[in-house]
*Asks:* 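First the structure, which I've put down as structure tokens, then a few questions once you've had a look.
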Protein chains: 2
Amino acid sequence: MRQTGTRDHLISTGLRLLHTQGFHASGVQDIIQAAGVPKGTFYTHFESKEQFGAEVLGRFWEQRAARTTAILSDETMSPLARLKAWFAGKITAKAESRNHAGCMIGNFSAELAVDSRLVRDRLASIFAAWTTLLATTIQEAVDAGEISITLPPETVAAFLIDAFEGAILRSKVDRDPTALIRLREIVFGSILVERHPA
Amino acid sequence: MRQTGTRDHLISTGLRLLHTQGFHASGVQDIIQAAGVPKGTFYTHFESKEQFGAEVLGRFWEQRAARTTAILSDETMSPLARLKAWFAGKITAKAESRNHAGCMIGNFSAELAVDSRLVRDRLASIFAAWTTLLATTIQEAVDAGEISITLPPETVAAFLIDAFEGAILRSKVDRDPTALIRLREIVFGSILVERHPA
DNA sequence: TTGCATAAACCGACCGGTCGGTCATATTGT
DNA sequence: ACAATATGACCGACCGGTCGGTTTATGCAA
């Protein structure tokens, strides 16, 4: 029987493997075996393992962007509350997960950014999109008078993402969410500080 | 001829390779070839590639700790000035380097923390030592009345390290030091803020 | 409605090369 | 003599990737 979703199936299976084990630690053989697909089929859908990796990274971001957008544009909450909810979601996700895989974006940045132009370019555009997403909500919080910032919202957003990636990396080593909780304290205590009207 | 420094030589050669190419992307063959040492010799000195990686990581930290300590305990500067000098050093190092390898500690955290218990444990102790180093200088800055902080110095130090690792990761993708400069602005603008006596 | 051409997808044996790791033997310093 | 080190040929497993051949869905002409 001819499958229609083989390509998708390979990507989602690969996403799980590449995310938890890393790119180089997962062979094409592992991936096709886990997906129950013969070797040749893999290469009818993807030029190379590298291109497959870039594709998988794209899928990861698609999913993450969808969830992030859902929280950050939830108009039942104030902009600042949305940012706090986003953080809270990250922390509980980390606390509940038992695989300690970290963030695929950070992992790929460390493992592939130097070697693979393809993956690096995709990472750059993902970082840019992520920054825009966060910057928008930060700007909304400023406009709503909830916070005041001294630097452009894009700068603050980019910092937040970087600091978040660093914290995720640390929590991967520690195998607990302490680093994320610590980051939240600093961010909402010293950077996105609520304005109390006098 | 019997060499006395073979082990050291392998470690420093491996340091260069593992740092720039990553752990999985560097074969044992690459390492021994670059070091000009036969295969067997590698395995008289190291049990496995994994153990070698942990050893190399240790060497990396030795060197980094030495340089960091030198700056952070330079009594010709005030504690806050030392922290700023430390940051400045990182930024110029990144701007001048052309390999975009990032920080080996972060890279290993992303690539090996899940798979290798050995490396993960070493990473944890490196993070702890690094935190202590920074926390000491932060405490000194507080004692000198240069800054005031609301959280324990260890917490601030750990945050600084995580945010720094995240910024390094980003600058690896961007291939420029923007993320580090941005981090400096935020850190010394909102977290380690100089007290101006009234 | 059938017959048929085409392209896409499926399939797994197979490729050369590299992987991490071993071993028997030789050489050295103490 | 003995232990530590040096040496490179060698190991089987696995690597990413290729190949020729088969099956299947689809468009179209008769």
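So that the names make sense, note that chain A is the first sequence line, chain B the second, and so on, each numbered from 1.
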*Asks:* Output the rounded distance in Å from CZ (Phe52(A)) to P (dC15(D)).
*Replies:*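 Atom-to-atom, Phe52(A) to dC15(D), this comes out as 14 Å.
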
*Asks:* Rounded off to whole Å, could you give me the CD-to-C1' distance for the Glu50(B) and dC19(C) pair?
*Replies:*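 So the CD-C1' distance, Glu50(B) to dC19(C), works out to 16 Å.
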
*Asks:* Over 60° means perpendicular and under 30° means parallel, so tell me whether Phe87(B) and Phe188(B) are parallel, tilted or perpendicular.
*Replies:*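 Ring orientation, 0 to 90° scale: perpendicular.
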
*Asks:* Just say parallel, tilted or perpendicular for the rings of Phe23(B) and Phe108(B), cut-offs at 30° and 60°.
*Replies:*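 Rings of Phe23(B) and Phe108(B): perpendicular, over 60°.
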
*Asks:* Rounded off to whole Å, could you give me the CG-to-P distance for the Asp115(B) and dG20(C) pair?
*Replies:*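 Going from CG in Asp115(B) over to P in dG20(C) covers 14 Å.
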
*Asks:* Looking at dC14(D), dA6(D), dC10(C), which one has an atom nearest to any side-chain atom of Gln29(A)?
*Replies:*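 Minimum distance to the Gln29(A) side chain belongs to dC14(D).
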
*Asks:* Classify the ring geometry between His24(B) and His24(A) as parallel (under 30°), tilted (30 to 60°) or perpendicular (over 60°).
*Replies:*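 His24(B) and His24(A): tilted rings.
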
*Asks:* Heavy atoms only, 4.0 Å cut-off, all strands: where does Gly27(A) land among base, sugar-phosphate and nothing?
*Replies:*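 Since only primed, P, OP1 and OP2 atoms lie under 4.0 Å of Gly27(A), the category is sugar-phosphate.
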
*Asks:* Look at His24(B) and dG20(C) and indicate whether a side-chain polar atom (N or O) is within less than 4.0 Å of OP1 or OP2.
*Replies:*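 For dG20(C), neither OP1 nor OP2 has a side-chain N or O of His24(B) closer than 4.0 Å.
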
*Asks:* Students often mix this up, so state it plainly: with edges at 30° and 60°, are the rings of Phe127(B) and Trp130(B) parallel, tilted or perpendicular?
*Replies:*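 Phe127(B) vs Trp130(B) ring planes: parallel.
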
*Asks:* Closer than 4.0 Å, any side-chain N/O of Thr6(A) to the OP1 or OP2 of dC10(C)?
*Replies:*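 So the side-chain polar atoms of Thr6(A) do come within 4.0 Å of the phosphate oxygens OP1 or OP2 of dC10(C), strictly under.
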
*Asks:* So does His45(B) get a side-chain nitrogen or oxygen closer than 4.0 Å to the phosphate oxygens (OP1/OP2) of dA4(D)?
*Replies:*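 For dA4(D), OP1/OP2 do not have a side-chain N/O of His45(B) under 4.0 Å.
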
*Asks:* Would you mind telling me which of dC10(C), dG16(D), dC19(C) lies closest to the side-chain atoms of Val28(A)?
*Replies:*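 Nearest nucleotide to the side chain: dG16(D).
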
*Asks:* Which of these nucleotides, dC15(D), dG20(C), dG17(D), is closest to any side-chain atom of Lys49(B)?
*Replies:*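 Nucleotide nearest to Lys49(B)'s side chain: dG20(C).
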
*Asks:* Please tell me which of the listed nucleotides, dC11(C), dT5(D), dG17(D), lies nearest to the side chain of Tyr43(A)?
*Replies:*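 Per side-chain heavy atoms of Tyr43(A), the pick is dG17(D).
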
*Asks:* From C-beta outward on Lys39(A), which listed nucleotide comes closest to its side chain: dG17(D), dG20(C), dC19(C)?
*Replies:*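 The answer is dG17(D), which lies nearest to the side chain.
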
*Asks:* Rounded to whole Å, please give me the gap between CD1 in Ile32(A) and C1' in dA9(C).
*Replies:*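 My rounded result for the distance is 16 Å.
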
*Asks:* Please answer whether the main-chain N or O of Val173(A) pairs with a side-chain N or O of His100(A) as donor and acceptor at a distance below 3.5 Å.
*Replies:*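 No, the answer is negative, given that no donor and acceptor are paired below the 3.5 Å cut-off.
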
*Asks:* Rounded to whole Å, how long is the line connecting atom CD of Gln33(B) with atom P of dT7(D)?
*Replies:*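 It works out to 15 Å between those atoms.
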
*Asks:* Which nucleotide in the set dG21(C), dG16(D), dT7(D) lies at the smallest distance from any side-chain heavy atom of Pro38(B)?
*Replies:*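 Shortest atom-to-atom distance from the side chain points to dT7(D).
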
